[in-house]
Structure formats: C-alpha cells, structure tokens
*Asks:* 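One structure coming up, written as structure tokens, with questions to follow.
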Amino acid sequence: PKLPAGLRVALVGTGPSGGYALRTLLDRTEAQVTVIDKLPTPGGLVRAGVAPDHPGTKGVLRGFDLLYRDPRVTMLTNVTVGDGPDQITPAELSDHFDAVFYAVGASESRRLDIPGEELPGSTSATDLVAWYNGVPGVEQGPPLRRGTTEDPATGRAVVVGTGNVALDVARILVSPPELLATTDIADRALNILREQNVHEVVLLGRRDQAAAAYTAAEYRALSEIPGVEVEVIDGVDGVDIPSSFRGPADPARRRIVFLFHSTPEEIVGDGQVESITVRTGEGRHHIATDLVVRSIGYRSTPIPGVAFDDDRGIFRNVDGRLTDDSGQIVPGGYVLGWAKRGPSGGIGVNKVCATRTVEDFIDDARSGVLRRTRRAPDAFSSLVRKRVRTVIGYRGMRAIDRTERRRGEEQGRPRVKFTQVAEMVGAAGW
Ligand code: NAP
C-alpha cells in the first residue's frame, strides 16, 4: 500500500541520528517534518562532542544543513521538550503530529560509584568535553589544582576508561596548546590548558589491552601528536608500576600512558583531588594527579512523559518503537541512535540505526497503525511561538553560523563558537 498523504512528523534532536533520520524521511516519504532542538544551534553531538582536532568528522553537518533548507522542513531550535513552563510536552507533540521521533542522544555520564568521585577536580568526560567544545551551560571547567611552590601541581591527569572518548580527552589535555589554538576549541578551555600545562595523561583500563574499547585508528592517531610519546603498561601481577606516578610528572616530556589491568578504587584529596588509588593485579598504587576524568559511558537524560529504562539509561523501546512502562507500543512514537540503543557506535552506526527505524515507521504508516493528528497544520508553530520566548528558525541558525565563521576567519580558525545561549539568540537577530 502507498504511504498516506500529508503525513506530519516531529523530529526531536539534530545530532547524527536525527540528521540521518531526516534524510531518510525526505528521501523516502512526502512527510512534512518539524525539527526541534533544545539549543539554538543544530548538530547535537557533532557540535558538542566531536573533538576540536577532528574537523573532518564535523563535515557531516554540511549535508544536514542542505536538508534543513528543504521546503518540507520547519526548523524550531532553542525549543526544549519536557514538562517545564516554557517547554513543549511529549503529549503535545503526539497530539500535533502523526509520528514523533526522539533522537536526543545520551548526554549524561555514568558514574564510577567510588569514594571521592564528588571531589573538585574529579569530573566526567561529558562535562569536560562540553566545556572545551563551548557547550552553553558548562562555563565552568574542572577546578584544576594550580599548586603552590611547596606543593606544586602534578601536571598529570588520569582518565578512567579506554574508549574513543577517553582518547579524545587524553589528546586534548596533552596536546601542545599552540596546536589546539587553530581549532574551534573554546577559548575558556584553551586558556586554562595553557596555564595548567598537563603533560602526562594516564588512562586506566580495567582489563587487558586486547579488551581496550578504542578503535585501532584512534589509537594509532595518538602517536601522531607532535611531541607526545605513547606508553603501555600492562599492570598484571609482577609488573612494576613506575614509582614516578607518586610524584609530579616529568615536565620535560609530554606523554600518554595506558595502564591496563587497573581498577580505580578511591579518589583521594583534601578538598580537591590529589591522587587516585588504583588496584592493579594484587597491588594497590597511588597515582598523584590534579584531575580525574571518568570516561566510562553515557546515559540519556529522561524526558517526563516518555517511558525510561533507568537501568540501561535509554528510552523504553522495542527496536526503535517507543513503549510505555508496561511494554505496550506507543503508536507513532520512535526513538533513534544512542537514546534507543545506548551509547555505543560512531556516526556511521547511528546512520544505519536511524535509517532502519524510519523504514519501520514507513511500514507502520502503510499498515495504518498511526493515529493521525486532528490539529491544523500550523497549530504547532503557533503553540511553540506562544510558549517559548525565543524560537529560532532556519534563518536565525544560519545567522549564528555565519557570525561564528566570521569570528573564526579573523583568527585563522574554522569558527569561534558562541558559548552562551543569550549570545546565540542575539546573533540570530532577536
Ligand atoms: P566505550 O567505547 O563504551 O568505552 C567505555 C570505557 O569505559 C571502556 O574502556 C570500559 O571498559 C570502561 N568502563 C566502563 N565502566 C567502567 C568502570 N566501572 N570502571 C572502569 N572502566 C569502566 O564508550 P565511549 O568512549 O564513551 O564511546 C562511545 C562510543 O562513541 C563508542 O562507540 C566510540 O567508538 C564512539 N566514539 C568514536 C569516536 C571516534 O573518533 N571515532 C570518538 C568518540 C566516541 P570495559 O570495556 O572493561 O567495560
């Protein structure tokens, strides 16, 4: 059977899975698509998460931008879906659209649940990455210990985990700041990294190197950072853990050290991180450090009104079809990407994931299981404009983009990002 005419779809989130879902929706259906994002700027994890020294990866946004210009697409950014007074609820979305796709990613970090995790100087990769990528609302970087003459800073950071995010964080922390200065890294981060001069990053893997979570390409790329050595210590029984870990790192060299078979037990410090206690094999070791970054995976942020699996940190779904808490499919409700499967797989994996769920939606539309909306086509835009003070559409998004690029050109960088929503709203012409 043919697809019903005049389908109206809402898509929440403009990260990789949202972008690829939009492409499939436009290619494979005649639907009108309203795209919503909580930030004024689109891109989700591509803007907020991809490392500043990986500009090539961000090229995918150019393709998404072409989709946003399609006459069948309405962009509404700076609009949050939730239950707050100036937010749009999931029930309102279901009421105004024939189908709603949630492509909201996984923006919260998992926890280690060890003592000392709350100490200043202990942070999540989520917060650290958002800080150096200029994400609004993360103005404060980690309070790195500056040290004193009697008790100098160690110049060492410890990253828990060996996934690609851990490698991103390690590269950014240890890279010579002059290399980062040509990227779109937030100035707030660059300034502190210059001052702090982290020159040793220790990554902790709880299993052996063969079980490390990074991909081979990202691992190899570490040895291409100018002036940075990479070392691997397999912390099995009998292997010496360098005693140098107990004191400040050698300021004469920059290095990344993988310490495998190592499980963090406690983060120690008097009001501020000073060291981390690690069990390697049968032994316990103390590594002096100013900063501990846990990079052990993400969780989605729940949205009131959409059933959530708290154990897995994802929205309840059966292969991308949303369910309620009792497991019943919610007609016309879909979830994509990390919010559907959990935080694994790069951009390519999310493309496949999003495309597949849009195909399932097409099957559902053909078989008549969608509940068609009775609302007038422009009712949703009116609701949003009444509820949200500063809605930004495609033109506003473009204006922000142009201004950021122009600021970048003046400094020989791809862009200088706005780091506050109010600045973005201003640049969008409000
Ligand atoms: P990840 O690849 O799942 O790595 C998570 C790491 O945390 C693993 O090393 C894991 O070790 C460790 N871990 C989990 N719980 C732990 C605990 N309680 N104590 C100690 N270690 C623990 O996750 P990710 O690095 O956040 O990356 C997410 C996805 O994005 C991945 O698919 C990644 O490839 C992709 N990505 C790709 C790029 C790229 O440049 N291509 C960049 C960034 C991210 P175990 O294996 O022992 O559980």
Side-chain angles (χ1 to χ4, degrees), residues 15-17 43-60 105-117 122-130 132-133 158-173 175 183 201-222 224-225 232 234-236 256-267 276-280 287 292-300 311-314 337-354:
S17 63
L45 193 75
V46 182
R47 182 176 164 109
V50 169
D53 60 349
H54 277 176
T57 312
K58 303 185 195 206
V60 21
S107 51
E108 286 179 15
S109 55
R110 292 187 43 220
R111 303 184 49 78
L112 278 166
D113 290 325
I114 60 171
E117 201 168 354
S122 158
T123 186
S124 65
T126 323
D127 285 348
L128 190 77
V129 170
Y132 66 60
N133 275 339
V158 173
V159 179
V160 183
T162 61
N164 281 342
V165 172
L167 268 56
D168 281 345
V169 165
R171 270 198 336 277
I172 297 301
L173 288 175
S175 285
T183 71
V201 180
V202 179
L203 292 108
L204 302 180
R206 56 182 170 177
R207 298 186 284 155
D208 60 4
Q209 188 172 19
Y214 54 65
T215 53
E218 294 305 323
Y219 179 71
R220 277 196 306 273
L222 293 180
E224 286 159 22
I225 316 172
V232 175
D234 198 328
V236 283
I256 294 175
V257 186
F258 286 87
L259 188 56
F260 287 104
H261 281 115
S262 296
T263 307
E265 286 193 335
E266 184 176 3
I267 300 169
I276 180 167
T277 308
V278 173
R279 190 167 42 75
T280 52
I287 305 175
V292 173
V293 185
R294 60 180 186 279
S295 180
I296 57 167
Y298 295 87
R299 298 168 54 79
S300 291
D311 292 336
R312 298 184 58 199
I314 59 174
W338 282 8
K340 158 183 163 185
R341 310 183 326 274
S344 70
I347 292 176
V349 174
N350 286 294
K351 177 180 181 176
V352 175
C353 167

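One-based numbering, in listed order, for ligands and for the atoms of each. Numbering starts at 1 and runs along the sequence shown. Since this is a predicted model, take the numbers as computed values, not measurements.
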*Asks:* Can you list the atoms of ligand 1 that are under 4.0 Å from a heavy atom of Y298?
*Replies:* 26 (O)
*Asks:* Against heavy atoms of V160, which atoms of ligand 1 measure under 4.0 Å?
*Replies:* 20 (C)
*Asks:* Using a 3.5 Å distance criterion without hydrogens, assess whether the side chain of W338 forms a donor-acceptor pair with backbone atoms of S344.
*Replies:* yes
*Asks:* Taking the side chain as every heavy atom from C-beta outward, state whether K58 and V50 have any pair of such atoms under 4.5 Å apart.
*Replies:* yes
*Asks:* Between CD1 of I314 and CZ of R341, what distance do you get to the nearest 0.5 Å?
*Replies:* 10.0 Å
*Asks:* For D168, counting its heavy atoms only, list the atoms of ligand 1 lying under 4.0 Å from any of them.
*Replies:* 42 (C), 43 (C)
*Asks:* Would you say atom 2 (O) of ligand 1 touches the protein, meaning some protein heavy atom is under 4.0 Å from it?
*Replies:* yes
*Asks:* Taking only heavy atoms of A213 into account, list the atoms of ligand 1 that are under 4.0 Å away from them.
*Replies:* 2 (O), 4 (O), 8 (C), 9 (O)
*Asks:* Under the side chain to side chain contact (heavy atoms under 4.5 Å, CB included) criterion, do I225 and I256 qualify, and how do the steps go?
*Replies:* CA-CA 10 Å; I225 316 172; I256 294 175; 4.3 Å; yes
*Asks:* Compare all side-chain heavy atoms of V160 with those of V292 and state whether any distance is below 4.5 angstrom.
*Replies:* yes
*Asks:* To check your reading of the model: name the closest protein heavy atom to atom 34 (O) of ligand 1, its residue, and the distance in Å.
*Replies:* N164 ND2, 3.0 Å
*Asks:* Tell me which protein heavy atom sits closest to atom 9 (O) of ligand 1, plus the residue, atom name and distance to 0.1 Å.
*Replies:* T162 N, 3.0 Å
*Asks:* Just which atoms of ligand 1 are under 4.0 Å from any heavy atom in P343?
*Replies:* 28 (C), 29 (C)
*Asks:* Can you check whether L112's main-chain N or O pairs, donor with acceptor, with E117's side chain at less than 3.5 Å?
*Replies:* yes
*Asks:* By number and element, which atoms of ligand 1 are closer than 4.0 Å to a non-hydrogen atom of G163?
*Replies:* 2 (O), 4 (O), 9 (O), 25 (O)
*Asks:* Any idea which of A217, G205, G161, S295 brings a heavy atom closest to atom 5 (C) of ligand 1?
*Replies:* S295
*Asks:* Would you call L222 and L167 a side-chain contact if the rule is heavy atoms closer than 4.5 Å?
*Replies:* yes
*Asks:* For atom 15 (N) of ligand 1, which candidate among R171, R206, R294, R111 holds the nearest heavy atom?
*Replies:* R206
*Asks:* Between R171 and E224, does a side chain to side chain contact (heavy atoms under 4.5 Å, CB included) hold up when you go through it step by step?
*Replies:* CA-CA 10 Å; R171 270 198 336 277; E224 286 159 22; over 6 Å; no
*Asks:* Go through it in stages, so that I can follow the logic: the residues are Y219 and V232, the test is side chain to side chain contact (heavy atoms under 4.5 Å, CB included), and I'd like the CA-CA distance, side-chain angles, deciding distance and then a yes or no.
*Replies:* CA-CA 12 Å; Y219 179 71; V232 175; 3.3 Å; yes
*Asks:* Is there a side-chain contact between T263 and L204 (heavy atoms, below 4.5 Å)?
*Replies:* no
*Asks:* What are the atoms of ligand 1, with element, lying closer than 4.0 Å to any heavy atom of R207?
*Replies:* 45 (P), 46 (O), 47 (O)
*Asks:* Return the residue, atom name and 0.1 Å-rounded distance of the protein heavy atom closest to atom 19 (N) of ligand 1.
*Replies:* L112 CD2, 3.7 Å
*Asks:* Considering the heavy atoms of S344, write down every atom of ligand 1 situated less than 4.0 Å from one of them.
*Replies:* 32 (O)
*Asks:* Counting non-hydrogen protein atoms only, what is the nearest one to atom 22 (C) of ligand 1? Give residue, atom name and distance.
*Replies:* I296 CG2, 3.4 Å
*Asks:* Starting from atom 32 (O) of ligand 1, which protein heavy atom do you reach first, and at what distance in Å?
*Replies:* G345 N, 2.6 Å
*Asks:* Please determine whether side-chain hydrogen bond (donor to acceptor under 3.5 Å, both in side chains) holds for the pair T215 and N164, giving the CA-CA distance in whole Å, both sets of side-chain angles, and the decisive distance to 0.1 Å.
*Replies:* CA-CA 7 Å; T215 53; N164 281 342; 3.1 Å; yes
*Asks:* For atom 48 (O) of ligand 1, state whether the nearest protein heavy atom is under 4.0 Å away.
*Replies:* yes
*Asks:* List the steps, then state whether side-chain hydrogen bond (donor to acceptor under 3.5 Å, both in side chains) holds for H261 with D234.
*Replies:* CA-CA 6 Å; H261 281 115; D234 198 328; 2.6 Å; yes
*Asks:* Ignoring angles and geometry beyond distance, decide whether V165 reaches within less than 3.5 Å of ligand 1 through its nitrogen or oxygen atoms.
*Replies:* yes
*Asks:* Please report whether atom 43 (C) of ligand 1 has a protein non-hydrogen atom at a separation of less than 4.0 Å.
*Replies:* yes
*Asks:* If you have a sec, work out which protein heavy atom is nearest atom 29 (C) of ligand 1 and how many Å separate them, to one decimal?
*Replies:* W338 CZ2, 3.6 Å
